[in-house]
Structure formats: structure tokens, C-alpha cells
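Chain identifiers are assigned alphabetically (A, B, ...) following the order of the sequence lines, protein sequences preceding nucleic acid strands; residue numbering begins at 1 within each chain. Not measured: the values here are computed from a predicted model.
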Protein chains: 2
Amino acid sequence: MLDLFFHPRSVAIIGASHTPGKIGYVILENFVKGEFAGEVYPVNPNTAPILDQKVYPSVRDVPGPIDLAVIAIPAPAVPPVLRECGRVGVKAVIIISGGFGEIGEKEREDEVRAICKKYKMRALGPNCMGIFDTIGHVDTLFLPRYRMRRPKKGAISFVTQSGAFGLATIDWAAMWNIGIGKFISFGNKVDVNEIDCLRYLADDVNTRCIALYVEGIEQGREFLKVAKEVTKRKPIVCLKGGVTRAGTQAVLSHTGSLAGSPEIYSAAFKQAGIIEARGVEELFDMARALAYQPLPRGDRLAIITNGGGFGVMATDSAIRYDMRMAQLARSTKKKIKRSLSPHALVGNPVDLTGDATVDMYRHVLDEVAQDRGVDGLIVICLMQVVTMTSKIISVVDEVNEKYDKPITVCMFGSDYTDLHMKMLEAEGVPTYPTPYRAVRAMAALVRYSEWLRDVS
Amino acid sequence: MLDLFFHPRSVAIIGASHTPGKIGYVILENFVKGEFAGEVYPVNPNTAPILDQKVYPSVRDVPGPIDLAVIAIPAPAVPPVLRECGRVGVKAVIIISGGFGEIGEKEREDEVRAICKKYKMRALGPNCMGIFDTIGHVDTLFLPRYRMRRPKKGAISFVTQSGAFGLATIDWAAMWNIGIGKFISFGNKVDVNEIDCLRYLADDVNTRCIALYVEGIEQGREFLKVAKEVTKRKPIVCLKGGVTRAGTQAVLSHTGSLAGSPEIYSAAFKQAGIIEARGVEELFDMARALAYQPLPRGDRLAIITNGGGFGVMATDSAIRYDMRMAQLARSTKKKIKRSLSPHALVGNPVDLTGDATVDMYRHVLDEVAQDRGVDGLIVICLMQVVTMTSKIISVVDEVNEKYDKPITVCMFGSDYTDLHMKMLEAEGVPTYPTPYRAVRAMAALVRYSEWLRDVS
């Protein structure tokens, strides 16, 4: 059980720093100034107060029990401090410090593993970013907020082997209004690994989709067995780093862990119901749809657009992703036609043309969503034309609430457009800059829906 | 010759409107308030002044010769007005108005074609956005600036069949500091088509790369013949809408023009040296690199990163795009090692780790760029870590100026990161949010370089 990492009653920050901006300062600041509800014990041989908090020279001097210790000190000092933690009964540790297996210091890493085992302490890291949890408010991200924003609470939990990739992604997610549940960076995994995270998040009621970045997976069979159980309950999207031979070599020098071959991973992921992402944007493009949109009953898409070219591109993408274009019912076409200009040809894509108003979208989306031949909607809104207003947000949101069919949206432009993208994202309607990405996210929903049918 | 469209000595705006925000108002405003240097004649039966300009009831009443007429009036009124234009000797017309072939009004479109032919007027459109030129300052984009930004002057010229796609892209380019030379939206192409545009832009000294979006190409042979000549002189990147059967059908209903099969287009593009893009972002990702970066002599890449995971992903992408990872010379490794931490392993990717400073980047980039075994550099900078500062911009820029090797950059994050992406873009160093996209852009440079070797 990893619960102590997310809901500790007390936390010791070992290596709490007096210098603003330093790792041990920022982490302490997160706990003290954030919404964390438990006890916080800064630990540093220099006991001058930090952020008005009493500082303890060592964990032995801390007056109460310690559920979780966050360790941010130079690598050589980690083993002795860990032993102290073990002796005073610390139950879980997050070892932020680098300088272990990733730079060839295998022995030091083995020592850490042995100590944690001896004292039955669960350990995350070393060489990791630790945890950022929007529920229990544990936040060990050591970068100041002006450099790295923190995302709002959401239904995607994100597990990553690479800390740097994790922090960049968290920062990006914050800007785009993408909500995060739990973020876990497990680094060199002396103890907690991707399998433990999957198991834990499977039971986490706030997590509706698990996004995963892994480089090497040592216990392949166990990983797939667990993943196959988890994907029956909630979707896993996985980006695997090191799928080519050269990429694998890069992983070896970077983490010291073993990486597998690309084909083996792809095939195995598929068999376990894991949806494979090929890139950073793809990972979250798909996770957003899977976390917030209902699953489609089939693969028949309707595309509604105010730009003909974007409709064409979305159609191409739909076919490339093995989905079908819906045949709209005659009655739907008839009803739609009423709200369009007399010359308009009603097909699929439904091209509302550049004159489209929000009312036209309202009417057409409502009719198309009711059509029994339509399983999912791709809504393309170019916000540059003056007939489009911010009311489009509530129109799309209402259709999304009213009907049990997935919607993904495409908007492409600059500031004015981005503003509306973020507004839709805040409503749980995933919004993408290109037709391709909106369609690819819909394809993930279709694939996952098919997987659930296959295993049920 | 299309020069009259870009450097008219006089322009008549037919359908100049008295109502702010309306198409005919915004276009007039562009000419009057912008940097256009020629004569401007607003034309409207209601001759009350607009924007303090004298308004003429018809082109017959305009006192001087008219090089270019911009027509933004309802479709049924277009043919008679065109005849008037022909009679008074207008040399070129841009027909913004829709309501022709794209809604099935073939006869009206044929009439327009016949009139232009009779009077030897060159015509762009109908059903188009017209022109936006950062040199001659012709700007017929009819959307207000708060909805649609205008990009700065640059070396990419962009030709598009779809107006809506064009305007969204121009807006997006403006936000990302991507410079544009000439933008041409040719719509239903009663006269000027993609072939004319290629010919014209081939001779345009300010255009270093042509980005093209096409749906149907009627004169396929001629197009490829011309393209093959142009690509010997400058790169063409092309996104083809309607490559699947369903996509082709969408094109048919959208433009009324005939579309070909996907395989035929792909193969033909390759033979003509055209670089094919599969999506909106890809089109400009590649065009930016081709317009601003030198061509590599080979396909051996060096990847420099402060995030291990991103280095791994970039390596995977390099291999997927059929490029090779450079073997750094022993002397290069030795020199690099001096500036890294004692434990660091120098490989490729060169992983500077999360502690990397700008000085480390300066030193390492300089050494790697000098290595004869390196043809191109992928530079990954995660700006979230506090050791990275804005100085990285000038460091990358200096290496880019000093050595004749292409560089593409990857930065991923929120506001702070985006700011630096735009700064690099302004220096002509194309910058992308993901390793995949930075590598894909480099692959376009490698492909084009190979093409030039093959045809020379």
C-alpha cells in the first residue's frame, strides 16, 4: 500500500534549506504554504528557523512519529540518514537525491535498497521528483512556481520514470487547464515501481485514467498481468522511451536499467489493453479524452466544422485511424438543413461554412448527437470569424452533458483561440489544435471501448 | 506574372463597407491604416466617406487607373461588376465573395472565368481569403486583428486552397513569431492556381520555403513538372487534404474540384522533390526549419539535453525518421567531459542532466558543432530548472550563426518556456514543444539536402 506517500499524518523534510530557491527550501515551502494538513518537521544540522518553522538537527530529535520522510541531501549522506529514519520508525521515504545507479553508483543504490528492506520502509526514488498530489497535497516538486506551474485537480494520474519529462509535462498541463490527480516520479525504483503505482491507482477513486512514461520494465510478466487487470477497470495510456536500438542504448546510459525491444513492448501492451502513445503530446491528448469523455458504442464519427479544409483533414485522419464516417439519418439531414443557408450541402463532415453562428452549432450539434448512427462527434470551431462567440463553450458543454456520446474539439489559432481552448478543457471537453489530434484522441476512446467489450 | 497582386500602384475595394467589423470595412481598413503605399479607392453605391476616405459609386467613377480590384459583394452581383472592371481596364481582381462552384453554382463560376478571360484580367478566387503580403503590404484578410493576428515578415510563403485553414494558420504563426513572406489563398481558382503560385514564388527572392495546402490538383502533370523545377531552387512542403476515399469525398462536396488517390499523390510528390506533410503542425514545423536553417551534409545527429527522458525520446524519433546517431570523436568527448560533473557519462545523447547551466550548454554545443562526425544538432532545454536562464537564447543563436550546421530546439512547458520558444523563433532557430517534432523538422532538412544532391 502506497497510501502513506499520499496521506501522511506527518512529514520530515530532510535537507530543508535556509536558502530560498534551493531544493530543500522549495519542498518545505510546498508543505508549509500549501494545503497540506499534517505535521511538518524540517530537518537540518543548522537549526535556525526556516519559514518560521522550528528546525530539528536530525530525525531522532523530531518530537512525534514520522509517516513520511522526504530526503534531499547529497548522495553520500543518504545511507546513514536512511538508517536513522529506519531506527526511529519512519514508514515511507521519498529520496529526491540523485547520484546512484544513474551515474554508475550501483553499490550505493544497493545499500539504499537493503536499508529500506531491513527497516520495512517503503521508498520512492532515488533520483526522482517524488509526488504531487492534488488531493492529499503532498508536493515534493522542488521547482519554484514561476518556472513550473502546478496543475489543478483532475482525473488523470501520471506516473513517470523520467523526472525531467514529468516536471515539464506537469508545467504544460497546468497552462492548458488539464487536471491531474496524482503525479508520481519513481526514478531509479529501489522499491516502488510502475507496477506498484498501477495497483495503487487502480483503486484510487479520483483517478479515471493512468498516463505512464516508462523506459525499462524489469518485471515484464508481472507488469503485464497487473496492467491487464487494471485496464478492465480504467484505461492506461503508456509512452515507452527507448523503443529503437539507439533509444534503448540511451536508456541504458541514462537510467542503468534494462530496456526491451520495440515490437515486444507494442505487442505486449496491446494484449494487456494498454493504449500505446508514440509521443509526449499524444500521451496526454489521449489521456484527456479517456479521463473525461464517455466511451463510444462504435466507431462511426460525425465531423462538424466551420472550415471546409479542416473537415477534410479530420476525415482523412478518421480513416487513417481505422474509424468510419457516420451516415447521417435522412431525418437528421432534413432537420439540419433548416438551420443552414439554402445552398449548403449536408454531408459528413457537416460544413457549416465560415458564416456559421453559435446558434447553428447549437442546433446542428443537438441533432447530430441524437442520430443513432453517430457514435462520436468531432467539433471543429475556428474562432477567428466574428460570427463565432464565447457562447460556443456552453453550447458544446451542454451537448456533452446531455448526450452520452464522446466529443473532442479542434480549435487552431492564437490568443483568442487558446483562451477558448482552455475554457473548454476546464469543462472536461478535450480540445486540440489540429484535426489530426482531435481524431487521434477519439480513436483512443474507440480502442478502449473495444477492449472493454473484448474482455467482458 | 502575378506581380500586380502584390505590388499594385492602385487598389479599388469594391464593397467597401460603412460598418466596422464587416468584411468590406476590415479590408479597406487594412489598406488605409496599414503600410500600403499605393492609391486606395473605396467603391460603394452609398458614397458617404468611410474611414475619412472618399467613396466612389462604381469603378467607372474612380479618377485614376486601377491595377487591382478587391471584390467583396454578394455573388450574384459579381459578374456585372467584373464586366465594369474589365471595361475600365482593371488588370487584376481578387474575388473574396463565396457562392460559386463550392455551393454548386457552376454556371456563375464559368461566367466569372469567361469575363476575366475576355478582358485579360488575372483573377484570384472566388471564395478565397486573397492575399497577405508582408513586403508590398497588400492585405485582404477580412478578420479584425483581435480575432486574427498578423504575422511578422519572414521567409516562408504559404499558399492554400482552403481559406479557413489559411487564416487559422496565419493567426497561429503570428503568435509563435513565425515569419511569413506572402500568403495566398486561391479558393476556387477560376484563373490563378497552385501552379501559378509556385512559379511566382520560385522567383521571389524573399521566399526561402513554400508551404502549400491543396485539395484537388487538376493539371497534375504540369504541377509536378513545375514543382520539380522549383524544388531544385527552394523547398516545397505540401499538405494534401483528401488523401483517403472519405477525405476525397469531403473535398468534392467542399470545393467541387476533383481529388486524386493518396498513393498517387505521395509517390508523385516524392518524385518532384516535394516534402509531404501529414498534418497542420507538421507543415509549418518542417517549413520553419527549411526556411531558416542551413542544410546538413549528412544524417548524423547529435542530441544535447538536460532531461534524460527527452533525450531517449529524441533518439527513438531520429531512428524512426531514418537518421543516424552521430559517433562523437574521442577528442570531442574529452573536451566535453571537462565541463561536466565528474560522474557524467558522455554519449549521444549528451545528457547534461538537470543541473546543467547555460555555460555548460555553451561549451558543449560549441564542441559538438565542431565535430566533423556531426551533421545536425537537436538541442533540448527544459527551462523549468533554475540553472537555466534566458542566456540560453544567445548561446544557441551564436552556435547557430558560427557553424554551418542545422539546429532544431525542443522546449516543453508553460508560459516561461513559451516565452523562450518565441525568442528563439525570432532568431530563426525553429523551436518545438516535443522531441519528436524537433527531430521530424531535422528529417525534412536531411531529405531536402539528399534531394538536391540527387538532382544536381
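- Contact of B/A174 with chain A is not made at all, since no heavy-atom distance falls under 4.5 Å.
- A/E281 approaches B/P433 most closely through the heavy-atom pair OE2-CG, 3.5 Å.
- Of all non-hydrogen atoms in B/G247 and A/V312, the two that sit nearest each other are O-CG1, 3.9 Å.
- Side-chain N or O atoms of B/R147 include one that pairs as donor or acceptor with a backbone N or O of A/M388 at under 3.5 Å.
- When heavy atoms are compared at a cutoff of 4.5 Å, B/D418 approaches chain A solely by way of its side chain, counted from C-beta outward.
- For the pair A/F412/B/T169, a side-chain contact is recorded, criterion being any heavy-atom separation below 4.5 Å from C-beta on.
- In this structure, the separation between OG on B/S414 and CZ on A/R150 is 10.5 Å, given to the nearest 0.5 Å.
- In terms of heavy-atom proximity, B/A168 sits nearest to A/L382 at CB-CD2, 3.9 Å.
- Between A/V243 and B/R320, some side-chain heavy-atom pair lies under the 4.5 Å cut-off.
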Exercise for review: Please report the C-alpha distance between A/F142 and B/V386 in whole Å, then the side-chain angles of each, then the deciding distance to 0.1 Å, and finally whether the side chain to side chain contact (heavy atoms under 4.5 Å, CB included) criterion is met.
Suggested key: CA-CA 10 Å; A/F142 53 77; B/V386 286; over 6 Å; no
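- Taking A/M411, A/M325, A/R278 one by one and counting their heavy-atom pairs under 4.5 Å with chain B, the maximum is reached by A/R278.
- Residues B/T353 and A/E102 have side chains not in contact (no heavy-atom distance under 4.5 Å, counting atoms from C-beta outward).
- Residues B/G307 and A/A164 share a closest heavy-atom pair of CA-CB, 3.7 Å.
- For the pairing with B/Q384, the side-chain contact (heavy atoms from CB on, under 4.5 Å) check across A/L143, A/L141, A/I170 returns one residue only, A/L143.
- Using the six-membered ring where Trp is involved, B/F310 and A/F165 have ring planes that are tilted, between 30° and 60° apart.
- For B/T417, the part lying near chain A is the side chain, with the backbone staying farther off; criterion is any non-hydrogen pair under 4.5 Å.
- When each of A/W176, A/W172, A/Y436 is scored by its heavy-atom pairs under 4.5 Å with chain B, the top score falls to A/W172.
- When all heavy atoms of A/G413 and B/D171 are compared, the closest pair comes out as CA-OD2, 3.4 Å.
- Residue B/R437 touches chain A through its side chain alone, counting heavy-atom pairs closer than 4.5 Å.
- When A/D316, A/T315, A/I303, A/I319 are compared by the number of non-hydrogen pairs under 4.5 Å with chain B, A/D316 comes out ahead.
- Contact check for A/R149 versus B/D415: side-chain heavy atoms found under the 4.5 Å cut-off.
- With a 4.5 angstrom heavy-atom cutoff, B/M383 touches chain A only via backbone atoms.
- Proximity to chain A (any heavy atom under 4.5 Å) is restricted, for B/Y213, to the side chain, taken from C-beta onward.
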